[in-house]
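So the structure is just underneath, and the comments pick up after that.
Order of the sequence lines fixes the chain letters, A, B, ..., with proteins taken first and strands second; residue numbering starts at 1 for each chain. It should be emphasised that the depicted structure is a prediction, and the values quoted were computed from it without experimental measurement.
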Amino acid sequence: MFQRVLVANRGEIALRVIRACKDLGIESVAVFSEADRGAHYLSLADEAFCIGPAPSSESYLLINRIIAAAEVGNAQAIHPGYGFLSENAHFAEVCQSCHITFIGPSHEAMGKLGDKISAKAIAQAAEVPLVPGSDGLIDSEAEALRIAKKIGYPILIKATAGGGGKGMRVAIDDSSLKNGLKQAAAEAEKAFKNAGVYLEKYVERPRHVEVQFIADHHGNVIHLWERDCSLQRRHQKLVEESPAPTLPKSVREELCKAAVRLAKAASYTNAGTCEFIVDKDNNFYFIEVNARIQVEHPVTEMVTGIDLIQQQIRVAAGEELPFKQKNIPCEGCAIEVRINAEDPAHNFRPSPGKITKLRVPGGPGVRFDSHVHQDYVVGPNYDSMIGKLIVHRPTRDQAIATMRRALAEFEIEGVKTTIPLLQEIFAHPAFHSGDVDTTFIERTTWASGTAKPHS
Amino acid sequence: MFQRVLVANRGEIALRVIRACKDLGIESVAVFSEADRGAHYLSLADEAFCIGPAPSSESYLLINRIIAAAEVGNAQAIHPGYGFLSENAHFAEVCQSCHITFIGPSHEAMGKLGDKISAKAIAQAAEVPLVPGSDGLIDSEAEALRIAKKIGYPILIKATAGGGGKGMRVAIDDSSLKNGLKQAAAEAEKAFKNAGVYLEKYVERPRHVEVQFIADHHGNVIHLWERDCSLQRRHQKLVEESPAPTLPKSVREELCKAAVRLAKAASYTNAGTCEFIVDKDNNFYFIEVNARIQVEHPVTEMVTGIDLIQQQIRVAAGEELPFKQKNIPCEGCAIEVRINAEDPAHNFRPSPGKITKLRVPGGPGVRFDSHVHQDYVVGPNYDSMIGKLIVHRPTRDQAIATMRRALAEFEIEGVKTTIPLLQEIFAHPAFHSGDVDTTFIERTTWASGTAKPHS
Amino acid sequence: MSKEPPTAGTPFNLDKLKELIEMMEKNGLTEIDLRSGAERWQLRRGPQEVTQVVSAGPFAGMHMPPPMPMTPAAVQLAPAGSSVMPAAAPADDGVVIKSPTVGTFYVAAAPTDPPFVSVGSKVKEDTVVCIIEAMKVFNQIPAEMNGTITAVLVKNGDPVEFGQPLFKINLG
Amino acid sequence: MSKEPPTAGTPFNLDKLKELIEMMEKNGLTEIDLRSGAERWQLRRGPQEVTQVVSAGPFAGMHMPPPMPMTPAAVQLAPAGSSVMPAAAPADDGVVIKSPTVGTFYVAAAPTDPPFVSVGSKVKEDTVVCIIEAMKVFNQIPAEMNGTITAVLVKNGDPVEFGQPLFKINLG
């Protein structure tokens, strides 16, 4: 086991890793930018080094500074957290060349999965379903109609050079497909000087379901069940839960097995997440692998009883996974919400400032992972998440009740937060019935300011 | 189910009950003394009534005030918490006569178990072992020697009117028994004008182990495993854990079955605890029943996953217990410590004052049940407990590691606390090995001030 | 201490103030606090947190923070969302007769009876001023002082808590 | 600019104030608090947060510890029990050369070599003052200013962090 681990991150995930190290009897080395100097969580590490000024590009993203800090701090391993350098294969490679263990997958696996095309090839080889579509660019209307017949409507026409919705059309029948092809090609030609388009099955009201897995260096790959993260706003997850509501057990098991096949095919080690979209008929399609720990890992910790960060460190140190697939429980229901310093009344713009008052909910079934405290100053330099509120209860109804109680207990002054929107979500009948997909926030009217994307 | 429940208590347990009510969708009514006016937890209740001035005898202990508050607050039930009126059979009877449900055992059961002699008779009838001894007062030296032969040395000679150690002797053989009888009788005659003495087996280095049980009004009695609360200072529990370390599974099961037999024999309903002492050979002896919820109930909640306060309310409302004995797990290890506002450097005298800074530990496996917050004023009127820190981990070693981390994270300024002593306990090898009995604190030297009873 | 920006109506000279501010800016001063007799000029400049530097307008950056950061959160009784009983309101003037118990307040012995007292009633120590019902017991509450009722603070049938003011009274 | 007091009624003397401010600047003072009878002059200068000291202008690198009582706990870097690196210590006078990176500080190119500089050394902008090793790379650190070294603040072989003062220097 390592004696010292450097935490190449900040805020709540840095604190989370520092705590896991302490629980394992490992010393931790923190790094910080000048904007984070004096932050309370740094005092919980055994050592802390300033690595640069506030901008991430001059501190938390500077590979050589972090390696230097690990060297002067005598750390044998680096935990990258999420964000920043966590999915940077080059960083993982530099760590390796400096004989520092990167707590995460190998840079080879990261590289393979980081590239969309090779990731899809791996998925295909592992018999993990992909969103059906054309194999490449569409050459003719006839070809398009043939493919459409095979995969069925609705179909998404996407520009290969596209982005921001430009050169994108939804076709619901042959006629709209023909028109759409022309319009999309013309639009793409105009916007990107590239008229190439391809087809993909359009998944209506997709649910975002992801599978947590962990693999050791001895060939064992185990899934820790799934999380439903459909509740998003502008592709930012707001609520995550495990198990996925409304998904039949058999589908959940298929989904989890698919993720394990994929991880094995990619020779993956350490913790990772396989993301899927699930359509209204419970068909699931591979989207991508997140080759790192995720913000929402606590919901998996609650239902399985497994400390994921500790387990990441153990696996990286060469330990074998101490459990078998059949012994991994998925007990009760866990839900996490992200509390962001954002102003719902002003289109969720960041709301930095000093937290002048903080009353955090507690009691049974409630966990709050956060680096903030009364008098903490939320700066404008990094993302707006100030904490994660997690509940764990025997049933989903009870979990929702406890979350509502906990959100009602939460008092924070000095910054605006997403709590009012979260309270509305948890009071919404559609959320209670599990009838939630990635469009839920956008197509629902919210009293607490606007949660809509373009207002 | 009730619509409104009055919480006849204060501080952390009042908050705990308010939270349980919220989780169940029940409204809560709080009562408070003038000393607690404005306390933050009161704002989490749906209504709150001042019932009198600071002294408990003029507020929290005044039955008629509490009943009146329940009446004007339209509460159908009263949860008494622990302490105050929680074991007052008369209060339970008044509730009944006012058609308010007392959330606890019937006043009859409480009365029977509250009396030591009738409690022992019930235990005996239920074949629950009692500490062996003379059936009553000793008439002659010959009788004493005969009993001694039967129960074996060491033997405790106790004055029937005794107290505070007066008229008490330990006999290790016939000769010391003869001498002790004379001395104890003389001392008791002098001190209490009553020379009557009786004999009891002297249990050396006893462990305090108690069994949580809960019974509904449909004849179901279920135990929720045991808690070891041996770590005490002047009969005040400092650390509680479940399962009991070092106790073989077979003994734990016997202990738990004995508690269930006793509860059934007493026609007990709602939650209760059966206390035992366990000797070094793992023989156990009944001590008494605590006919209420206990401070240390969270450790049982953690290992069983059952919300005890919610379950108390459900049972009191007439619901059947929703689980069977064989489905009650005892998973992992849970440990609770009591954080008291006391000054270890001054013989643990209460240390009231304003909490000027508070940083509470968090992260996985950590629960903090408390009504205090930064800027809270710990008053001198009530007991000094300001919170309960609970950890739950897969193994005892991991639980100890997390507790050490959590205690190290804890920052509190403005009042002195028992944290330094707790830190020493969790660093002590004897505690790690589970070699702990009720004399542990007294016979161990502590760096952090004196934990000894008479220095 | 003046917290508001100086206006035409105040004796402060805006030009002088501007000059002071310019001096502060030029020299990187963060605070000036000038007192002379009853007069006090206090200027602070620059944000509490440098992270929030904004500058616009002539008084940009003139932050006047609250003098005391010690907000007594514990004093607040009932945040929004909870219908906690009002705290015994401080009687801003005069003396009050307070409830000696928690219960239901009645102005009269029976619904058809006239109230024991009303505004203007002269009361003595043993004059019954109301009834508070608790546990089916109707407790007659004496004034316990001599004087004239100047206000009835609670409505007939309302719940009252211990220490809650029931009547205002002018002693005498 | 008028030389009169800010308002007709006040005795504040702007010239005196300017003189005071100049004194503060010249001597690196962060706070002046003068009292005389009913009169009190209080001046503070410098940033709220040590972390935010930005090098620009003639006072580059002058660390001004937070003068305000409003400093949150966040300013405290290393509570007892943790061996967190010392915060960039405020240089009470003069200017400092700071570390541009995290790494290991060396006074010389090789253990047997003499130090690049020592107290009394005159340095120019491009004078190498030390080496900081990071990732096996030995970075020669130039003074980036002209002056005389008045103190070496770090020991040979010590780890240093970004922004940590390495040398005191008298400009000139």
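- Atom CZ of Arg359(B) and atom CG of Leu44(A) lie 10.5 Å apart (nearest 0.5 Å).
- Taking Glu331(B) as the reference, nothing meets the side-chain hydrogen bond (donor to acceptor under 3.5 Å, both in side chains) condition, with sequence neighbours excluded.
- Here Gln374(A) contributes atom CD and Leu358(B) contributes atom CG; the two are 9.0 Å apart, rounded to the nearest 0.5 Å.
- Residues satisfying the side chain to side chain contact (heavy atoms under 4.5 Å, CB included) test with Gln423(A), not counting sequence neighbours, are Leu407(A), Ala408(A), Ile419(A).
- Here CD of Glu409(A) is found 9.0 Å from CD1 of Ile18(B). Values are rounded to the nearest 0.5 Å.
- Contacts between residues 388-402 of chain B and chain A, counted as heavy-atom pairs separated by less than 4.5 Å, involve Arg393(B), Pro394(B), Gln398(B), Ala401(B), Thr402(B).
- Looking at Arg367(A), the atoms closer than 4.5 Å to chain B (heavy atoms on both sides) all sit in the side chain, from C-beta outward.
- Between Pro364(A) and Gln310(B), the closest side-chain pair of non-hydrogen atoms is not below 4.5 Å.
- When the shell of 6.0 Å around CD of Glu413(B) is examined, it contains more than 12 heavy atoms from other residues, nucleotides or ligands.
- The ring-ring contact (aromatic ring centres under 6.0 Å, His included) search around His428(A) returns Phe440(A), Trp446(A), not counting sequence neighbours.
- Side-chain contact between Arg19(A) and Val366(B) is absent, with no heavy-atom pair separated by less than 4.5 Å.
- Residue with the most contacts toward chain B among Gly363(A), Gly25(A), Gly305(A): Gly363(A) (heavy-atom pairs, distance under 4.5 Å).
- Within the 4.5 Å cutoff, side-chain heavy atoms of Glu411(A) are placed close to those of His40(B).
- Within 6.0 Å of CD in Gln325(A) there are more than 12 heavy atoms belonging to other residues, nucleotides or ligands.
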